[in-house]
Amino acid sequence: MEIAIIAHDKMKADMVQFLTQNKEILNRENIRLIATGTTGSQAEKAGFKVKKMLSGPMGGDAQIAARVAEGKTQMVLFFKDPNSSHPHEADINMLIRVCDVHDVPLATNKATAYLLLKSI
């Protein structure tokens, strides 16, 4: 199972904390992590093996959306910053739409991400 991890700048620490708290699930042999560039780098520093895409503003969200559309990514954990607007909002909305179209579960906060991980 391939899981994409993405986090806005103000949410990256929360994502790393979440990953660390759920390391037992995420380190299973059948789990592969992909991430946008900066989020992936921070996850690597925390000890996770991650395939990094471009950073979000440079097209990483679009790369992950393409993997969702191709059936390569089965889950997306995207910790969005609800209190800030982002210049690449169109890419973010496109990723959410692609997840909806292809029936791929997407979590935008820790509570929902935890429930998704517990389901696998």
Side-chain angles (χ1 to χ4, degrees):
M1 169 177 260
E2 183 171 279
I3 300 173
I5 55 171
I6 308 166
H8 284 147
D9 288 343
K10 291 182 180 176
M11 305 301 291
K12 290 189 189 317
D14 287 348
M15 176 62 81
V16 171
Q17 179 185 32
F18 176 82
L19 296 173
T20 302
Q21 290 171 340
N22 293 283
K23 197 169 206 162
E24 184 177 316
I25 295 170
L26 295 168
N27 279 339
R28 291 182 185 164
E29 189 174 306
N30 64 330
I31 303 291
R32 292 177 316 281
L33 295 178
I34 65 167
T36 49
T38 309
T39 302
S41 293
Q42 292 197 11
E44 285 178 333
K45 288 178 187 174
F48 291 91
K49 184 178 176 186
V50 181
K51 178 178 180 172
K52 292 183 289 188
M53 305 287 132
L54 297 172
S55 70
M58 300 302 292
D61 300 327
Q63 286 180 299
I64 289 173
R67 293 182 71 83
V68 169
E70 294 168 350
K72 294 178 180 175
T73 301
Q74 290 77 38
M75 183 183 296
V76 177
L77 309 179
F78 187 173
F79 288 7
K80 294 172 43 177
D81 177 4
N83 297 315
S84 300
S85 63
H86 301 276
H88 61 289
E89 199 73 34
D91 293 333
I92 295 163
N93 291 333
M94 179 265 311
L95 172 60
I96 293 168
R97 180 185 171 281
V98 168
C99 287
D100 288 344
V101 166
H102 293 277
D103 218 14
V104 170
L106 169 103
T108 59
N109 60 59
K110 288 187 282 188
T112 307
Y114 178 75
L115 291 173
L116 287 180
L117 286 187
K118 285 297 185 182
S119 74
I120 55 175

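Just so it is clear, the structure is predicted and the values come from calculations on it, not from any experiment.
- In terms of modelled atom types and a separation under 3.5 Å, the side chain of Thr36 and the main chain of Leu54 share no donor-acceptor contact.
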I'd like to know whether Ile120 forms a side-chain contact (heavy atoms from CB on, under 4.5 Å) with Gln74, so could you lay out the CA-CA distance, the side-chain angles of the two residues, the decisive distance to 0.1 Å, and finally the verdict. CA-CA 11 Å; Ile120 55 175; Gln74 290 77 38; over 6 Å; no
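- Val76 is not connected to Leu26 by any chain of hydrophobic side-chain contacts under 4.5 Å among Ile, Leu, Val, Met, Phe, Trp and Tyr, and they are in different clusters.
- Taking Glu2 as the reference, Arg67, Thr73 meet the side chain to side chain donor-acceptor pair (under 3.5 Å) condition, with sequence neighbours excluded.
- No more than 12 heavy atoms of other residues, nucleotides or ligands shown are found within 6.0 angstrom of CG on Asp103.
- Closest approach of Val50 to Ala43, counting heavy atoms only: CG2-CB, 3.8 Å.
- In the hydrophobic cluster analysis, where Ile, Leu, Val, Met, Phe, Trp and Tyr join through side-chain heavy atoms closer than 4.5 angstrom, Val104 is grouped together with Val98.
- Cation-pi geometry between Lys23 and Phe48 is satisfied (NZ or CZ under 6.0 Å from the ring centre, within 45° of the ring normal).
- Counting non-hydrogen atoms of other residues, nucleotides and ligands closer than 6.0 Å to CD of Glu70 gives a total above 12.
- Note: Asn93 CG to Asp100 CG = 10.5 Å, rounded to the nearest 0.5 Å.
- Closest of all the heavy-atom pairs between Phe79 and Lys110 is CE2-CG, 3.4 Å.
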Run Lys80 and Thr108 through side-chain hydrogen bond (donor to acceptor under 3.5 Å, both in side chains) and show every step you take. CA-CA 6 Å; Lys80 294 172 43 177; Thr108 59; over 6 Å; no
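- Not counting sequence neighbours, the partners of Thr112 by the side chain to side chain donor-acceptor pair (under 3.5 Å) test are Asn109.
- In the hydrophobic clustering of this structure, Val16 does not group with Ile5; members are Ile, Leu, Val, Met, Phe, Trp, Tyr whose side-chain heavy atoms approach within less than 4.5 Å, directly or through other members.
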